[in-house]
S.K.: 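Okay, here's the structure, questions in a sec.
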Amino acid sequence: MLEDKMANKSTLDDVFSNRTGQNSSVPCPFTETRENPLKAYLLGIIISICGNFLISISLNIQKYAHMRQSQLGDSKPYYRSVLWWSGVVLMGVGELGNFAAYGFAPASLIAPLGCVSVIASAVISVVFLKETLRASDIIGGALAVMGTYLLVTFAPHATTHITAHLVQRYAVSWQFLIYLFLEVILFSILLYLYKRRNIKHITIVMLLVALLASLTVISVKAVSGMIAESIKGQLQLTYPIFYVMLVVMVASCAFQIKFLNQAMKMFDATEVVPINFVFFTASAITAGIVFYQEFQGLALLNILMFLFGCLLSFIGVFLIARDRPKIKTENITFIAMGKIPGRRSKDQVQPEAKSNTYGSLAAKLMCNKPGPQDDS
């Protein structure tokens, strides 16, 4: 009886290895800690997709709140709008879902699924905000959906229990230390060019965001995984590494948002959104490979198809975000220059901007002013 159970277990392991592309001859570091991995994998995918869908809804709700406030001529601040706050709450729920998804599925899969937010946002804006549906939106959406399918199918399916001891072991591994050293050097060079040399190129700013994002992904998965293990009964919150990762997560998120907001101020959103998605996804995949060793034992075909899926998603996001039409809002509190009293004569009465002489009308009045000889 015991031999039959062992045989069935071996058969299930072989089936899972064939479906995920894992080479059964290569020992996988997750073998000992894997417990119903396919269920956890699918749960992480579903949570991530739902979270990104909620984020897209929240962005369109906030956009609609700004549009309505502008059209109604409401002078009160946007943050006093209930509709705007409902969008903010939905975004928080969506981000919380993405945070939880890192505890169930590999980081190299959760990050590329961010394209779901871009696709859903484009569809919602066309249906509810009456934006123009372009051919590039249809082609880009189709490519992004195909890429997402390939990502889900060929991504590493193996999952592991993220414990404090495992995170500590990964944090002192030689490959991560080399990766961290190179990242610090590159970040310092980019920050010097951006701050000291005042080079405000979009690539430099987006690379700064991406380098911080890699630390964010590592720390988010560590914190989420340790919280999940604590909920299951294996308390991980008493280990110092949990609070180290928590500090890294908060700090990297804060500086990442700072640089991203600066990029949004300097460049158009149609440039920032696709470039940020590509750079963030690439950094997240690299972080998952280097720190969590998620591609170890994965078949070469799976790796190539996964990268091809990423490429399709990148192209799709670029097509969707490229040259999106701006929503025209009419602010009724704005006073046109033609309606300003005295507009026709102000350029004649007022002095020149860079001259001490009077305008033409004032000069004519000065010339026609009676002189001392006229008084006599």
S.K.: Grab the two heavy atoms, one from M91 and one from L59, that are nearest each other, plus how far apart they are.
M.R.: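 Taking every non-hydrogen atom into account, CE-CD2, 3.2 Å.
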S.K.: Going hydrophobic residue to hydrophobic residue with side-chain gaps under 4.5 angstrom, can you get from L166 over to V223?
M.R.: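 Result: yes, single cluster for both.
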S.K.: Would you give the length of the straight line joining atom CG of L109 to atom OH of Y102, rounded to the nearest 0.5 angstrom?
M.R.: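 So the CG of L109 and the OH of Y102 are separated by 9.5 Å.
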S.K.: Would a 4.5 Å heavy-atom cut-off, applied to side chains only, mark F314 and L319 as touching?
M.R.: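 SC-SC contact between F314 and L319 ruled out.
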S.K.: To the closest 0.5 Å, what do you measure between CG (L211) and CG (L190)?
M.R.: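 CG of L190 is found 6.5 Å from CG of L211.
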S.K.: Is there a donor-acceptor contact under 3.5 Å from the side chain of T281 to the main chain of V278?
M.R.: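 No.
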S.K.: I'd like to check F318 versus I275 (side-chain heavy atoms, cut-off strictly below 4.5 Å). Are they in contact?
M.R.: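 Result yes, sub-4.5 Å side-chain heavy-atom pair found.
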S.K.: Any side-chain heavy atom of F277 within less than 4.5 Å of one from F280?
M.R.: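 No, too far: nothing below the 4.5 Å cut-off.
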S.K.: Nearest 0.5 Å, what's the CD-CG distance between Q256 and L215?
M.R.: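 Those atoms lie 9.5 Å apart.
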S.K.: Treating Ile, Leu, Val, Met, Phe, Trp and Tyr as nodes and any side-chain heavy-atom pair under 4.5 angstrom as an edge, say whether F187 and I199 lie in one connected cluster.
M.R.: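 Shared cluster, yes.
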S.K.: Any donor and acceptor pair, going by atom type alone, linking the side chain of Y149 with main-chain N or O of A144 inside 3.5 Å?
M.R.: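 No; zero donor-acceptor contacts below 3.5 Å.
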S.K.: Just wondering, are more than 12 heavy atoms of other shown residues or ligands nearer than 6.0 Å to CZ in F259?
M.R.: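 Yes, enclosed.
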S.K.: Going by atom types only, do Y170 and Q175 share a side-chain donor-acceptor pair under 3.5 Å?
M.R.: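 The criterion, which ignores hydrogens and geometry beyond distance, is not satisfied for Q175 and Y170.
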S.K.: Between CZ of F279 and CG of L208, what distance do you get to the nearest 0.5 Å?
M.R.: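 Rounded to the nearest 0.5 Å, the CZ-CG separation comes out at 11.0 Å.
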S.K.: Does Y41 use its side chain to pair, donor to acceptor, with the backbone of P106 at less than 3.5 Å?
M.R.: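 A pair under 3.5 Å: no.
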S.K.: About how many Å separate OG1 of T286 and CZ of F291, when rounded to the nearest 0.5 Å?
M.R.: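 The OG1 atom of T286 is 14.5 Å from CZ of F291, to the nearest 0.5 Å.
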S.K.: At their closest point, which heavy atom of I110 faces which heavy atom of N98, and how far apart are they?
M.R.: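 Taking I110 first and N98 second, the nearest heavy atoms are CG2-O, 4.4 Å.
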S.K.: List the atom of G97, the atom of I47, and the distance in Å for their closest heavy-atom pair.
M.R.: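 In this case the closest contact between G97 and I47 is O-CG2, 3.0 Å.
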S.K.: Does V209 reach the side chain of F255, with side-chain heavy atoms less than 4.5 Å apart?
M.R.: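 No. Closest side-chain heavy atoms not under 4.5 Å.
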S.K.: Would you say V290 and Y292 are hydrophobically clustered, going by side-chain heavy atoms of ILVMFWY under 4.5 Å?
M.R.: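 Yes, it is one cluster - the side chains of V290 and Y292 are joined through contacts under 4.5 Å.
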S.K.: For the residue pair E294 and S108, what are the closest heavy atoms and their distance?
M.R.: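 Result for this residue pair: OE1-OG, 2.7 Å.
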S.K.: Do F308 and F154 have side chains that approach each other closer than 4.5 Å (heavy atoms only, starting at C-beta)?
M.R.: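 The answer is no, as the side chains (C-beta and beyond) never meet within the 4.5 Å cut-off.
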S.K.: Can you find a heavy atom in the side chain of L150 that is under 4.5 Å from one in the side chain of L312?
M.R.: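 In short, these two side chains touch, coming nearer than 4.5 Å.
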S.K.: Look at the side chain of R134 and the backbone N and O of I320, then say whether any donor-acceptor pair between them is shorter than 3.5 Å.
M.R.: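 It does hold such a pair.
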S.K.: Can you tell me how far apart CD (Q262) and CG (L260) are? Round to the nearest 0.5 Å.
M.R.: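 Going from CD on Q262 over to CG on L260, the span is 10.0 Å.
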S.K.: Are H201 and T203 close enough that a side-chain donor and a side-chain acceptor fall under 3.5 Å?
M.R.: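 Yes, T203 and H201 have a side-chain donor paired with an acceptor closer than 3.5 Å.
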S.K.: Could you tell me whether H165 and Y239 have their ring centroids closer than 6.0 angstrom?
M.R.: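 Yes, close enough.
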S.K.: Do you know the tightest heavy-atom contact between A107 and K221?
M.R.: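 Reported closest heavy-atom pair: CB-CD, 4.0 Å.
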S.K.: With a 3.5 Å distance limit and no angle check, can you tell me whether N52 reaches the backbone of L113 through a side-chain donor-acceptor pair?
M.R.: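 Side chain of N52 to backbone of L113, a donor-acceptor pair under 3.5 Å: yes, one is there.
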S.K.: Is there a path of hydrophobic side-chain contacts, each under 4.5 Å between heavy atoms of I/L/V/M/F/W/Y residues, joining I257 to V217?
M.R.: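 No, because V217 and I257 fall into different hydrophobic clusters, even though each may have its own neighbours under 4.5 Å.
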S.K.: For residues S230 and Q236, is any side-chain donor paired with an opposing acceptor at under 3.5 Å?
M.R.: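 Judged by distance alone, the side chains do not pair up.
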S.K.: Using atom types as modelled and distance alone, determine if a side-chain donor or acceptor of N60 lies under 3.5 Å from a backbone N or O of I57.
M.R.: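 No: the side chain of N60 does not pair with the backbone of I57.
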S.K.: Short question: side chain of S219, backbone of T216 - any donor-acceptor pair under 3.5 Å?
M.R.: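 Pair found, side chain donor or acceptor close to backbone of T216.
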S.K.: Any side-chain heavy atom of I218 within less than 4.5 Å of one from F176?
M.R.: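 Contact flag for I218/F176 side chains = yes.
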S.K.: Donor-acceptor check, side chain of S117 to backbone of G114, threshold 3.5 angstrom: yes or no?
M.R.: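 Side chain of S117 to backbone of G114: no pair is present.
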S.K.: Do F306 and F295 have ring centres separated by under 6.0 Å?
M.R.: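 So the answer is yes for these two rings.
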S.K.: Examine I241 and V247 and state if one hydrophobic cluster contains both, with Ile, Leu, Val, Met, Phe, Trp and Tyr joined whenever side-chain heavy atoms are less than 4.5 Å apart.
M.R.: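 I241 does not cluster with V247.
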S.K.: When you measure from the side chain of S313 to the backbone N and O of G309, does any donor-acceptor pair fall under 3.5 Å?
M.R.: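 Yes, the answer is positive, given that a donor and an acceptor are paired below the 3.5 Å cut-off.
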S.K.: Taking the side chain as everything from C-beta on, heavy atoms only, tell me whether V167 gets closer than 4.5 Å to T163.
M.R.: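 When only atoms from C-beta onward are counted, T163 and V167 do not touch, as no gap falls below 4.5 Å.
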S.K.: Do any N or O atoms from the side chain of S58 and from the backbone of I55 form a donor-acceptor pair under 3.5 angstrom?
M.R.: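 Yes, the answer is positive, given that a donor and an acceptor are paired below the 3.5 Å cut-off.
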S.K.: Return the minimal non-hydrogen interatomic distance between V205 and F267, and the atom names on each side.
M.R.: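 That closest heavy-atom pairing would be CG2-CE1, 4.5 Å.
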S.K.: With a sphere of 6.0 Å drawn around CE of M305, does it hold more than 12 non-hydrogen atoms of other residues, nucleotides or ligands?
M.R.: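 Counting other residues, nucleotides and ligands, CE of M305 exceeds 12 neighbours.
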